[in-house]
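Below, all heavy atoms of this structure are taken into account, side chains as well, without hydrogens, waters or symmetry copies. Naming convention: chains lettered A, B, ... in sequence-line order (proteins, then strands); numbering from 1 in each chain.
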Amino acid sequence: MAKNVTREEDYSKWYNDLVFRAGLAENSAVRGCMVIKPYGYAIWEKMQAQLDKRFKETGHQNAYFPLFVPKSMFEAEEKNAEGFAKECAVVTHYRLKTDPNDKTKLIVDPEAKLEEELIVRPTSEAIIWSTYKGWIQSYRDLPILINQWANVVRWEMRTRLFLRTSEFLWQEGHTAHATKAEAIVEAEKMLDVYSEFAEEFMAMPVIRGKKGESERFAGAEETYCIEAMMQDGRALQAGTSHFLGQNFAKAFDVKFADKEGKLEHVWATSWGVSTRLMGALVMTHSDDEGLVLPPKLAPIQVAIIPIYKSPEELTLVSEAALELTSKLKELGISVKYDDDDNRRPGWKFAEYETKGVPVRVAIGPRDLAEGKVELVRRDTKEKSIVDLAGVEHTIAQLMEDIQNNLFERALKFKNDRIQKVDTYTEFKEKLEKEGGFYLVHWDGTIETEALIKAETQATIRCIPLDSPEEDGVCMVTGKPSKFRVVLAKAY
RNA sequence: CGGGGUGUAGCGUAGCCCGGUAUCGCGCCUGCUUUGGGAGCAGGAGGCCGUCAGUUCGAAUCUGGCCACCCCGACCA
């Protein structure tokens, strides 16, 4: 087996190779679009299940809206349309026909041109708000709390598996409210759902913040976000929640009568996370040997590998392994007993390490004779020989320990790489040398932000929600500033 | 859309300068031996050398067009 590229050697190649090697996804025949493979999709399904549960617990319902948006509808909210215009796939025809010059080929039938082009949704605000118009007349119709699981298309110039693909899977929540305050509460509540999910399930610490003007969602009044730090010190936007004000209600003329019978435009939010979270998961925990998965999202939590020389030994080992398998399942732990005779133990060890299975159990005649088994935890690679009797409880405990350890490890990594700097010179030096996040004073102007980006590639990731008020001066222009913002290179 | 690069077996490659129908590794198939960290040996299958045209007795190799993909920039969750 060829030696794998390490994170140190080439982080970007390490990531790509790993996504492929671990069986998460691969590039498809369609440029920029990926095939999500069964193991990768199983992780995504775990994410979906958990998020979906939280959405429902917070009062939302799922629905589904069309893939296509008529152009006239798409352009109704100007800022939103302008923001996405450059990356839209457009349907212009509805039929093919046999090429008269080559009977084996098909051509677009010029007679089947659509009167109005259809835009493949890059996001669904337009189609959803045009629908909400028919659903909302009175304050009694509000709030509307809807989520949809869908695919969207954004025609990206440069793509990377999970992090940026032309088509991606996501969920998008779209809510309608009677008051501004209620909509803001909603946007903030969903940001909390995202940050809790990231930290509790993905074991990925995040910074909760607001976007500055230049990074705000097209058509939003306020964009809240969670930003995570990857192992190379770069920032990754892991989820966003937008307060849309009355922009879409005005664009689609959605009004409601309040208790006094007065007509007012509806207040909106939208919020989403995507398959990009898969990339975040990989780049937060994995190592040079392969994937490292938090137990709460691992499709296989425990792999049991039999060691044997003869059929008799296999019978003996299998008996113990199958008993342990059922005990683990009773505790709600997902187990794979891998008795495939075509692969040798060493191969299996390497395979489950690559796939990030949190705990591996090896059972062989040598240990069995003493009533023991070998446990190896993926996060620390620690090996231990423990009593077979009651080992299911040891493993259950390990699941919690690993989940916690991964979070603590990632948290320490992040905290060690966030620093306050006060001069632009120091910032440039440190960013170049150490990477990571920087808490700096900024004058709040787009011009200064653009200058920093042009000179250092770093962007203002967010204004942290827990950022304390602090008088200071912009590190670039020396103009006054009231709080620090997070500056980093981003994915 | 600008700048650079690459197309040879399922994957990764050698050969190309200096023309003679293709090398090696992984994987795959069969058999035996193996099985506590990606097994060993033996045998075997698999390729119109991206594509179209030109030069030539003869093209993976030289020339030209086309296509595809990759990398770097602008855009972006």
Side-chain angles (χ1 to χ4, degrees), chain A residues 1-5 10 12-13 16-17 20-21 26-32 82-88 122-123 151-160 162-172 194 211 214-218 220 223-228 235-242 270-280 289-290 303 305-311 313-314 317 338-355 360-369 372-376 381 383 385 450 453-454 457 459 461-462 490-491:
Chain A
M1 203 73 178
K3 200 176 168 297
N4 303 317
V5 171
D10 186 344
S12 179
K13 182 162 170 43
N16 278 123
D17 287 355
F20 183 74
R21 198 157 56 84
E26 62 189 42
N27 280 312
S28 71
V30 185
R31 186 195 147 74
E82 202 187 302
F84 285 102
K86 299 181 298 302
E87 45 191 289
C88 287
T123 181
N151 59 340
V152 288
V153 169
R154 295 181 189 177
W155 210 268
E156 299 290 351
M157 298 303 227
R158 300 194 58 197
T159 59
R160 294 190 68 194
F162 289 120
L163 298 174
R164 177 165 295 111
T165 46
S166 295
E167 179 194 20
F168 57 94
L169 306 184
W170 77 343
Q171 61 64 218
E172 47 183 326
Y194 289 156
K211 286 293 187 191
S214 66
E215 297 252 334
R216 194 173 292 151
F217 178 75
T223 287
Y224 298 87
C225 63
I226 52 173
E227 294 282 331
L236 188 129
Q237 181 175 305
T240 48
S241 180
H242 316 290
S270 70
W271 28 274
V273 295
S274 73
T275 35
R276 190 177 222 208
L277 288 179
M278 294 287 295
E289 276 70 52
I305 295 162
I307 313 287
Y308 56 93
K309 287 188 167 56
S310 63
E313 281 184 352
L314 177 60
V317 166
D338 189 350
D339 61 351
D340 182 352
D341 193 44
N342 291 313
R343 302 290 188 194
R344 296 162 71 261
W347 193 93
K348 294 176 188 171
F349 293 165
E351 177 67 7
Y352 291 112
E353 255 160 33
T354 301
K355 295 211 151 191
R360 184 179 78 225
V361 182
I363 307 182
R366 204 166 69 201
D367 293 326
L368 213 52
K372 306 275 189 182
V373 292
E374 183 192 78
L375 291 189
V376 182
K381 304 191 185 83
K383 269 186 197 179
I385 308 292
K453 186 179 179 183
Q457 289 182 320
T459 48
R461 301 319 306 153
C462 68
Y491 273 96

Practice problem: Take the protein atom CG of A:Asp338 and the nucleotide atom P of B:G37, then report the distance between them rounded to whole Å. | Solution: 16 Å
Quiz item: Which part of the nucleic acid, if any, lies within contact of A:Glu87, taking any heavy atom under 4.0 Å across all strands shown: a base, the sugar-phosphate backbone alone, or nothing?
Solution: sugar-phosphate
Self-check item: Contiguous pairing runs of three or more, Watson-Crick or G-U under 3.5 Å, that involve RNA chain B
Solution: B:1-7 with B:67-73, B:10-12 with B:24-26, B:28-33 with B:39-44, B:50-54 with B:62-66
Quiz item: How close do A:Tyr352 and A:Ile305 get, heavy atom to heavy atom, and via which atoms?
Solution: CD1-CD1, 3.9 Å
Quiz prompt | Distance between C1' atoms of B:C62 and B:C70 (Å, rounded) | solution = 26 Å
Practice problem: Give a yes or no answer on whether the side chain of A:Tyr194 reaches the backbone of A:Gly272 with a donor-acceptor pair at less than 3.5 Å. | Solution: yes
Self-check item: Set of residues satisfying side-chain contact (heavy atoms from CB on, under 4.5 Å) with respect to A:Ser12, sequence neighbours excluded
Solution: A:Asp10, A:Asn16, A:Arg160
Quiz item: Hey, is CH2 on A:Trp155 packed in by over 12 heavy atoms from elsewhere, all under 6.0 Å?
Solution: no
Quiz prompt | A:Arg216 side chain to A:Ser214 side chain, donor-acceptor N/O pair below 3.5 angstrom | solution = no
Self-check item: Neighbour count above 12 (heavy atom, 6.0 Å) for A:Glu82 CD
Solution: no
Quiz prompt | Interatomic distance where NZ belongs to A:Lys348 and P belongs to B:A39 [whole Å] | solution = 11 Å
Quiz item: Atom CG of A:Asn27 to atom C1' of B:C11: distance rounded to whole Å?
Solution: 15 Å
Practice problem: Identify, between A:Arg154 and A:Lys381, the residue whose nearest nucleotide on RNA chain B lies closer to the 5' end. | Solution: A:Lys381
Self-check item: Inter-nucleotide P distance (B:G10, B:U6), Å rounded
Solution: 23 Å
Practice problem: Assign each of A:Ile363 and A:Gln237 to its nearest nucleotide of RNA chain B by heavy atoms, then name whichever residue's nucleotide is nearer the 5' end. | Solution: A:Ile363
Quiz item: Checking all strands, does A:Thr354 fall into the base, sugar-phosphate, or nothing category for heavy-atom contacts under 4.0 angstrom?
Solution: base
Practice problem: Quote, to the nearest angstrom, the P distance that separates B:C29 from B:U13. | Solution: 24 Å
Quiz item: When you measure from the side chain of A:Ala362, which nucleotide among B:C75, B:G37, B:G36 comes out closest?
Solution: B:G36
Exercise. Report the residues that fulfil salt bridge (Lys or Arg N to Asp or Glu O under 4.0 Å) with A:Asp17, sequence neighbours left out, ordered by chain and then residue number.
Key: A:Lys13
With the criterion being N/O to N/O and under 3.5 Å, what pairs connect the protein with nucleotides 31-35 of chain B, and how long is each?
from, atom 1, to, atom 2, distance (Å)
B:U35, O2', A:Tyr308, O, 3.1

Quiz item: Rounded to whole angstroms, how far apart are CD on A:Glu156 and P on B:G73?
Solution: 15 Å
Quiz item: Within the side chain of A:Lys309, is there an N or O that forms a donor-acceptor pair under 3.5 Å with the backbone of A:Pro365?
Solution: no
Quiz item: When rounded to the nearest Å, what value does the distance between C1' atoms of B:G2 and B:G46 take?
Solution: 42 Å
Self-check item: B:A59 and B:G64, which share atom name C1', separated by this distance in whole Å
Solution: 15 Å
Self-check item: Atom of A:Cys225, atom of A:Thr240 and distance for their closest heavy-atom approach
Solution: CB-CG2, 4.1 Å
Quiz item: Base, sugar-phosphate alone, or nothing: which one does A:Arg160 contact when heavy atoms must sit under 4.0 Å apart?
Solution: nothing
Self-check item: A:Glu351 CD to B:G27 P, straight-line distance once rounded to whole Å
Solution: 13 Å
Give me, pair by pair, the N or O atoms of the protein and of nucleotides 8-10 of chain B that are less than 3.5 Å apart, along with how far apart they are.
none

Self-check item: Whole-Å distance separating the CH2 atom of A:Trp347 from the P atom of B:G36
Solution: 14 Å
Quiz item: Could you give the CZ-to-C1' distance, from A:Phe20 to B:C11, as a whole number of Å?
Solution: 8 Å
Practice problem: Side-chain contact test, heavy atoms from C-beta onward, threshold under 4.5 Å: evaluate it for A:Val317 versus A:Ile307 and give yes or no. | Solution: no
Exercise. Taking atom C1' in both B:G7 and B:A60, compute the distance separating them and give it to the nearest angstrom.
Key: 11 Å
Exercise. Could you list the residues that satisfy ring pair (Phe, Tyr, Trp, His ring centres under 6.0 Å) with A:Phe217, not counting sequence neighbours?
Key: A:Phe84, A:His242
Self-check item: Nearest heavy-atom neighbours spanning A:Lys348 and A:Asp339
Solution: NZ-C, 4.0 Å
Quiz item: Taking the same atom, P, in B:C69 and in B:A22, what whole-Å distance lies between them?
Solution: 31 Å
Self-check item: Integer angstrom distance from the P of B:U23 to that of B:A68
Solution: 32 Å
Self-check item: Value in whole Å for how far the P atom of B:G73 lies from NZ of A:Lys453
Solution: 12 Å
Quiz item: For A:Leu163, which contact category applies under a 4.0 Å heavy-atom criterion: base, sugar-phosphate, or nothing?
Solution: base
Quiz prompt | Charged N-O contact under 4.0 Å between A:Glu351 and A:Arg360 | solution = no
Exercise. Check every strand shown and say whether A:Phe217 touches a base, only sugar-phosphate, or nothing at a heavy-atom separation below 4.0 Å.
Key: nothing
Practice problem: Select base, sugar-phosphate, or nothing to describe what A:Thr165 touches, counting heavy atoms under 4.0 Å on all strands. | Solution: base
Quiz item: Is A:Lys381 salt-bridged to A:Glu353, cutoff N-O under 4.0 Å?
Solution: no
